[in-house]
Amino acid sequence: MPELPEVETVRRGLLERLPGRRFVEVERVEPFMLPGGAEPGLLREALPGRLVEDVRRHGKFLTLVLSDDAYLMLHLGMTGQVTLTSSDAALPKHGRFAFLLEGEQPRRLLFRDMRKFGGVELTFGRPTRRLEGLGPDALEGEWTHDGLGRMLAGRTTPLKAFLLDQRRLAGIGNIYADEILWAAQLSPLRPAGGLSEEEVVRLAAEIRGRLAEGVRLRGCSISDFVDAEGRPGGFQQALQAYGRQGEPCARCGRPLNRAVVAGRGTAYCAACQS
DNA sequence: CCCAAGTCCTGGTTGC
DNA sequence: TGCAACCAGGACTTGG
């Protein structure tokens, strides 16, 4: 599942090779993956000729900053893959978008997505409004543990549901939520507003710590994540909680529990996460 | 048939 | 009473 570290890994791969390249052609558009009735012809019309100037990320959203004040948002959803490959291979199954870029060696920016949870949006003048509702980036945002404490204060929602809420901190999904809570020794079921100051400090440290480790290992390929070159990441080997229900806790040896929190499968140690 | 999960949407509840 | 904030749960998707 592409979460912040996976999207950051893709961003770094694209940043190495995209800036300065120019779009020349839209080879494929899946109209139903565009937001609310957007016109697929708009991409074909407005993308060719534009240069890529920068590749940014906020939470799980990627934004290609294009020339003449245009922005191409990419969201990987649950199974999305964004790769930069040779332009002569056949378009693969589940290839939803394909954009041709000029250069001595032409390249194809390809968006594959088996499920259709991902999306692409081209906007002008400013990035997609979907970014406006997001909280600070969970890894690189300007928040502090004091700020986190204020965000948590008074909330009765389970801690895990809070971590998954992109309006509070942006970028944490189901895998890293379980890993962060395991590392911070906090129960996913705890009411978010009930943490002590010491616990908030621990939580803040593990949010940044686990996400940074995910980035260092180039993402988590538990199912089908690959980077911009098509290579899997390594964080799946570092998982301590996610998907390990029934297995012994690496800290205390008791079997990990399973619960459903915020509609998501949740693995945690009922003995040493409190 | 159920499960996986990111985001959006709806409807109910709470508190000022 | 009115309204916003908050929270829970469903819809969407397709392969295992």
Side-chain angles (χ1 to χ4, degrees), chain A residues 1-11 30-38 57-63 73-82 92-97 111-121 123 127-135 137-139 150-181 188-195 211 214 219-226 233 235-236 239 241-246 256-268:
Chain A
M1 274 49 70
E3 304 178 26
L4 187 155
E6 289 73 37
V7 180
E8 176 63 16
T9 300
V10 171
R11 186 189 76 87
E30 291 266 17
F32 54 80
M33 294 188 69
L34 295 169
R57 180 191 59 75
H58 188 140
K60 304 170 192 172
F61 289 81
L62 272 181
T63 303
M73 181 280 287
L74 304 171
H75 193 287
L76 304 189
M78 180 177 170
T79 56
Q81 302 178 336
V82 171
K93 195 175 180 187
H94 305 127
R96 308 297 184 188
F97 296 91
F111 188 122
R112 292 184 69 200
D113 191 11
M114 188 172 71
R115 315 263 199 286
K116 296 172 179 170
F117 280 21
V120 167
E121 184 180 0
T123 58
T128 174
R129 307 210 68 153
R130 292 177 71 181
L131 299 186
E132 292 172 16
L134 298 177
D137 187 77
L139 181 61
R150 283 190 293 275
M151 285 190 261
L152 290 162
R155 303 193 181 277
T156 59
T157 195
L159 199 43
K160 172 152 173 179
F162 174 91
L163 290 181
L164 292 174
D165 188 344
Q166 306 298 301
R167 296 170 300 177
R168 310 300 166 199
L169 290 175
I172 301 168
N174 203 39
I175 294 173
Y176 290 90
D178 278 8
E179 294 304 303
I180 288 163
L181 291 169
L189 307 171
R190 278 277 288 281
L195 271 56
L211 293 173
C220 179
S221 296
I222 198 81
S223 54
D224 36 24
F225 167 74
V226 294
F235 189 74
Q236 64 278 5
L239 294 175
Y242 177 83
R244 302 189 62 165
Q245 53 273 10
L256 297 178
N257 278 45
R258 181 190 144 85
V260 175
V261 185
R264 298 293 174 254
T266 299
Y268 69 106

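Letters go in sequence order (proteins before strands), and every chain restarts at 1. Basis for what follows: all heavy atoms, side chains included, without hydrogens, waters or symmetry-related copies.
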Is any side-chain N or O of His94(A) closer than 4.0 Å to OP1 or OP2 of dG15(C)? yes
Do Gln81(A) and His94(A) pass the side chain to side chain contact (heavy atoms under 4.5 Å, CB included) test, and can you show the C-alpha distance, the side-chain angles, and the key distance before you say yes or no? CA-CA 10 Å; Gln81(A) 302 178 336; His94(A) 305 127; over 6 Å; no
Report which part of the nucleic acid Phe162(A) touches: base, sugar-phosphate, or nothing (heavy-atom distance under 4.0 Å, all strands). nothing
Phe117(A) atom CZ is separated from dG10(C) atom C1', nearest whole Å, by 12 Å
When we call it a touch if two heavy atoms are under 4.0 Å apart, what does Gly119(A) touch: a base, just sugar-phosphate, or nothing? nothing
Between C1' of dA4(B) and CZ of Arg258(A), the distance in whole Å: 10 Å
OP1 or OP2 of dG6(B) under 4.0 Å from side-chain N/O of Gln166(A): no
Rounded distance (Å) that lies between atom P of dC9(B) and atom CZ of Arg130(A): 9 Å
Starting at CG of Asp178(A) and ending at P of dA5(B), how long is that distance when rounded to a whole Å? 9 Å
Could you tell me whether a side-chain N or O of Glu6(A) sits under 3.5 Å from a main-chain N or O of Phe225(A), the two making a donor and an acceptor? no
Measure distances between side-chain N and O atoms of Arg96(A) and base N and O atoms of dT14(C), and say whether any donor-acceptor pair falls under 3.5 Å. no
Considering only side-chain heavy atoms of His75(A), which listed nucleotide, dT7(B), dC7(C), dA4(B), is closest? dT7(B)
Is the backbone N or O of Leu239(A) less than 3.5 Å from a side-chain atom of Arg244(A), with the two atoms forming a donor-acceptor pair by type? yes
Gap between atoms CE and C1', on Met114(A) and dG6(B) respectively (whole Å): 14 Å
Within a strict 4.5 Å, meaning less than it, do heavy atoms of the Phe61(A) and Leu134(A) side chains meet? yes
Strictly distance-based, threshold 3.5 Å: is any side-chain N or O of Glu121(A) a donor or acceptor partner for the main-chain N or O of Leu74(A)? no
Listed nucleotide nearest any side-chain atom of Glu3(A), set dG15(C), dG6(B), dC7(C): dG6(B)
Any Tyr176(A) side-chain nitrogen or oxygen under 4.0 Å from OP1 or OP2 of dG6(B): no
Exercise: identify the closest heavy-atom pair between Ala177(A) and Leu164(A): CB-CD2, 4.0 Å
How close or far is atom C1' of dA4(B) from atom NZ of Lys116(A), stated in whole angstroms? 17 Å
Under-4.0 Å side-chain N/O to phosphate OP1/OP2 contact, Thr157(A) with dA8(C): yes
Phe235(A) vs Tyr176(A) aromatic rings, parallel, tilted or perpendicular, using cut-offs 30° and 60°? parallel
Enter the inter-axis angle for the ends of the helix from dC2(B)-dG16(C) to dC16(B)-dG2(C) (five pairs per end, rounded to 10°). 40°
Atom CG of Asp165(A) to atom C1' of dA8(C): distance rounded to whole Å? 13 Å
Regarding the side chain of Thr156(A), the nearest nucleotide among dC7(C), dC8(B), dA5(B) is dC7(C)
Choose from dA5(B), dT14(C), dT7(B) the nucleotide whose nearest atom is closest to any side-chain atom of Arg115(A). dT14(C)
Have a look at Gly263(A) and say if it touches a base, only the backbone sugar-phosphate, or nothing, with a 4.0 Å heavy-atom cut-off. nothing
Of the candidates dC7(C), dG6(B), dT7(B), the side chain of Met1(A) sits closest to dG6(B)
The side chain of Met78(A) lies closest to which of these nucleotides: dT7(B), dT14(C), dA5(B)? dA5(B)
Derivation and outcome, side chain to side chain contact (heavy atoms under 4.5 Å, CB included), residues His58(A) and Thr63(A): CA-CA 8 Å; His58(A) 188 140; Thr63(A) 303; over 6 Å; no
What integer distance in Å separates Asn174(A):CG from dT7(B):P? 12 Å
Nearest-nucleotide pick for Arg264(A), side chain only, options being dG6(B), dC7(C), dA4(B): dG6(B)
